[in-house]
Amino acid sequence: MDELLTKKENAIYVGNEKFIPFISEEKIQLRIAQLGKQLTEDYKGKLPIFIGILNGSFLFLSDLIRNIELKCEVDFFKLSSYGDKKISSGNVKLLKELNADINDRHIVIVEDIVDTGLSINYIENLIRMNKPASIKVVTLLAKPKSIKYDVKIDYIGFEIPNEFVIGYGLDYAQKYRNLRSIYILSEGKN
Ligand code: IMP
């Protein structure tokens, strides 16, 4: 088994699929600082709960809340992922419920990426049943051409093309989440 991340000319090779650098660590951090500033302004005087969708959002959520200059709380839902595939199965399974009581609370759902919108749609419906004071959605990445569900995304880090990406929390068969920047599947093979 190859335990090393195989890098050649800054590309990451997964078998014979080539992922090339797409969004640098610096760009990610700069954009998160902007989002944090915006959220700090928008939630002044409130005590929001940031709800991360595991696993993909764990890095984004941890960097985002360190850019929020307000008291806030954090909780998590866990959903099943795509497994070893690069496309959505069209099903979601809830693997972990929230612990917080969200009735009458201001909720900010934190996603790594909105692809079809299925996960956000599912989570929003679950949250709405508990009658929160408000719900907003922040995602680091969105693939606007891929969205199939009626979802409103309030804060978007980057709009990206309808291609598979890895790194900064995003996985391919559970791996590559630990890359500091985001890589995109390139047409060309090695
Ligand atoms: P959706 O439910 O189709 O919107 O997909 C959202 C979830 O699918 C994300 O939270 C990710 O876990 C996963 N996902 C979607 N696109 C990608 C991708 O390009 N790379 C890695 N994971 C992805």
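Ligands are counted one by one from 1 in listed order, and the atoms in each one are counted from 1 as well. In this chain, numbering begins with 1 at the start of the sequence shown.
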**Student:** Flag the pair Tyr168 / Phe60 as yes when their ring centroid distance falls below 6.0 Å, and as no otherwise.
**Tutor:**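 Tyr168 vs Phe60: aromatic centres not under 6.0 Å.
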**Student:** Please list, in number order, the atoms of ligand 1 under 4.0 Å from a heavy atom of Gly117.
**Tutor:**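 The atoms of ligand 1 under 4.0 Å from a heavy atom of Gly117 are 1 (P), 3 (O), 4 (O).
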**Student:** Which ligand 1 atoms does Phe164 reach within 4.0 Å, using its non-hydrogen atoms?
**Tutor:**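 Selected atoms, number and element: 17 (C), 18 (C), 19 (O), 20 (N), 21 (C).
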**Student:** Using a 4.0 Å cut-off to any heavy atom of Ser119, which atoms of ligand 1 qualify?
**Tutor:** 1 (P), 2 (O), 5 (O), 6 (C)
**Student:** Would you confirm whether Asn103, through its side chain, and Lys131, through its main-chain N or O, come within 3.5 Å as a donor-acceptor pair?
**Tutor:** yes
**Student:** Give me the one residue out of Leu54, Ile109, Leu98 that meets side-chain contact (heavy atoms from CB on, under 4.5 Å) with Phe77.
**Tutor:** Leu98
**Student:** Between Ser146 (side chain) and Lys143 (backbone), is there a donor-acceptor pair under 3.5 Å?
**Tutor:** no
**Student:** For the backbone of Glu69 and the side chain of Thr40, can you confirm whether one donor and one acceptor N or O come within less than 3.5 Å of each other?
**Tutor:** yes
**Student:** Within a distance under 4.0 Å of any heavy atom of Asp171, pick out the atoms of ligand 1 and give their elements.
**Tutor:** 21 (C)
**Student:** Report the residues that fulfil side-chain contact (heavy atoms from CB on, under 4.5 Å) with Arg128, sequence neighbours left out, ordered by chain and then residue number.
**Tutor:**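 Checked Arg128 against side-chain contact (heavy atoms from CB on, under 4.5 Å); matches are Glu124, Asn125, Ile135.
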**Student:** What do you reckon, does Val114 have a nitrogen or oxygen under 3.5 Å from a nitrogen or oxygen of ligand 1?
**Tutor:**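 No, since none of the N or O atoms of Val114 sits under 3.5 Å from an N or O of ligand 1.
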**Student:** Does Lys143 have a non-hydrogen atom less than 4.0 Å from ligand 1?
**Tutor:**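 Checking ligand 1 against Lys143, which is what was asked, there is a heavy-atom contact under 4.0 Å.
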**Student:** Side chain or backbone of Ile53 under 4.0 Å from ligand 1, or both, or neither, by non-hydrogen atoms?
**Tutor:** neither
**Student:** Grab the two heavy atoms, one from Asn10 and one from Tyr183, that are nearest each other, plus how far apart they are.
**Tutor:** O-CE2, 3.3 Å
**Student:** What part of Leu170, side chain from CB on, backbone N/CA/C/O, both or neither, has a heavy atom under 4.0 Å from ligand 1?
**Tutor:** side chain
**Student:** So, 4.0 Å and heavy atoms of Ile166: is ligand 1 close enough to count as a contact?
**Tutor:**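 Flag not set, Ile166 not near ligand 1.
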**Student:** Going by the order shown, which atoms of ligand 1 are within less than 4.0 Å of some heavy atom of Glu111?
**Tutor:**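 Under 4.0 Å from Glu111, ligand 1 has these atoms: 10 (O).
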